[in-house]
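Report on one structure; see the data block that follows.
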Amino acid sequence: MNPRSFHFRLTSHHPAPDRSTKDLVVEFLTEAGTWEPQQLSLTMPGFRIYLIALLLCQHVYLVANAREKHIPLQKVEADLVVTASSDWIVASVEGNFHLHLDAAASEQERRPADAEAIAFIQERMKLCPVSRNLPEGVHKHIVLEIQG
C-alpha cells in the first residue's frame with residue numbers, strides 16, 4: 001500500500017508592539033503541484049482539517065512562547081509534511097519553522113532570541129495538544145531556525 005503525503009506551508013506576520021498574529025495564510029500543495037490557500041469549511045476533507053489543526057497548534061505555541069521570551073518576531077514561515085499510510089494513519093510529521101526577527105528591533109531587543117530560547121520554544125511546541133495526541137509511534141521532527 002502506498003503512503004500518502006500532505007504538504008502545507010504557513011506564513012504569518014507579527015508586527016510591533018504586541019507581536020500578535022496578523023495575516024496568517026495556510027496553503028496546501030495539491031496533487032496538480034499548485035499551492036491552494038486553505039479556508040476551513042464544512043466541505044473540506046476532515047483529514048486535511050486535522051492536519052491544519054496540527055500546523056496551527058504548533059504555530060500558536062511557537063508565537064505564544066516567543067512572546068513570553070520577548071523575542072521580536074516579525075514573520076514566521078513554515079513547511080509541514082505529513083506522511084500517512086494508505087488507510088490514513090499518520091506515520092511521520094516533519095516541520096520546519098523559519099523565524100524572521102524584526103529588522104527595526106535593536107540588538108538589545110534581539111538578544112533574547114538565542115539558541116537557549118529557541119530550544120525552549122521547540123520543547124514547548126511539543127506540548128501542543130494536537131501533537132500530544134498523535135500515536136507514540138509517529139516520527140515527529142520539528143525544527144526552528146532564525147533567518148537573517
Side-chain angles (χ1 to χ4, degrees), residues 3-30 33-42 44-84 88-148:
R4 303 169 190 261
S5 184
F6 303 88
H7 194 160
F8 295 88
R9 66 183 181 190
L10 173 147
T11 304
S12 64
H13 294 87
H14 309 273
D18 67 352
R19 304 283 176 207
S20 62
T21 301
K22 307 282 187 224
D23 303 319
L24 175 71
V25 176
V26 173
E27 296 174 292
F28 174 70
L29 186 61
T30 67
T34 59
W35 288 102
E36 181 180 281
Q38 298 297 285
Q39 298 294 324
L40 297 179
S41 73
L42 295 174
M44 180 178 280
F47 192 70
R48 190 179 308 170
I49 292 171
Y50 172 70
L51 298 180
I52 291 171
L54 174 62
L55 175 58
L56 292 177
C57 190
Q58 291 291 302
H59 179 264
V60 165
Y61 272 63
L62 184 162
V63 172
N65 286 286
R67 289 176 73 186
E68 179 182 314
K69 289 290 188 181
H70 305 288
I71 294 173
L73 192 60
Q74 181 67 41
K75 179 176 163 182
V76 174
E77 295 175 312
D79 289 296
L80 183 76
V81 177
V82 177
T83 303
W88 305 97
I89 304 300
V90 175
S92 71
V93 175
E94 299 278 338
N96 291 299
F97 291 81
H98 305 284
L99 314 179
H100 300 265
L101 301 182
D102 190 342
S106 70
E107 187 174 325
Q108 181 178 350
E109 291 172 313
R110 291 167 160 255
R111 196 166 291 132
D114 60 12
E116 184 178 317
I118 298 304
F120 171 82
I121 293 169
Q122 197 165 330
E123 275 302 305
R124 293 290 289 272
M125 288 171 70
K126 292 177 182 177
L127 300 176
C128 156
V130 182
S131 297
R132 291 180 67 187
N133 278 288
L134 289 170
E136 283 189 33
V138 174
H139 169 76
K140 298 173 234 170
H141 185 72
I142 303 294
V143 176
L144 301 182
E145 295 178 337
I146 295 180
Q147 301 294 298

Can you name the side chain to side chain contact (heavy atoms under 4.5 Å, CB included) partners of [X], sequence neighbours left out?
| X | answer |
| --- | --- |
| H7 | L29, W35, D79, V81 |
| Q74 | R19, D102 |
| E116 | D114 |
| E145 | H98, V143, Q147 |

ask   = Which pairs count as disulfide bond (SG atoms under 2.5 Å apart) when at least one residue sits in residues 101-147, sequence neighbours excluded?
value =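 Qualifying pairs: C57-C128.
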inquiry  = I'd like to know if K126 and E123 make a salt bridge, using a cut-off of under 4.0 Å between side-chain N and carboxylate O.
reply    =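 A salt bridge links K126 with E123.
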query = For K69, what residues pass the salt bridge (charged side-chain N to carboxylate O under 4.0 Å, His left out) criterion, not counting sequence neighbours?
reply =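 So K69 forms no salt bridge (charged side-chain N to carboxylate O under 4.0 Å, His left out) with any residue.
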inquiry  = Applying salt bridge (charged side-chain N to carboxylate O under 4.0 Å, His left out), can you list everything that pairs with R4, at least two apart in sequence or on another chain?
reply    =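 With neighbours one apart ignored, the set is empty.
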inquiry  = Filter on ring pair (Phe, Tyr, Trp, His ring centres under 6.0 Å), then keep only pairs touching residues 106-146, sequence neighbours left out; what's left?
reply    =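 For residues 106-146, and leaving out neighbouring residues, there are no ring pair (Phe, Tyr, Trp, His ring centres under 6.0 Å) pairs at all.
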Test item: Q38 and V25 side chains (from C-beta on) under 4.5 Å apart, heavy atoms =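 Heavy-atom side-chain distance check fails, nothing below 4.5 Å.
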task = Would you mind reporting whether V63 and N65 have side-chain heavy atoms less than 4.5 Å apart?
result =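 Counting from C-beta outward, N65 and V63 never come under 4.5 Å.
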If the condition is side-chain hydrogen bond (donor to acceptor under 3.5 Å, both in side chains), which residues does [X] pass it with, not counting sequence neighbours?
| X | value |
| --- | --- |
| K140 | none |
| S20 | D18, K22 |
| E109 | S106 |
| S12 | H14, H59 |

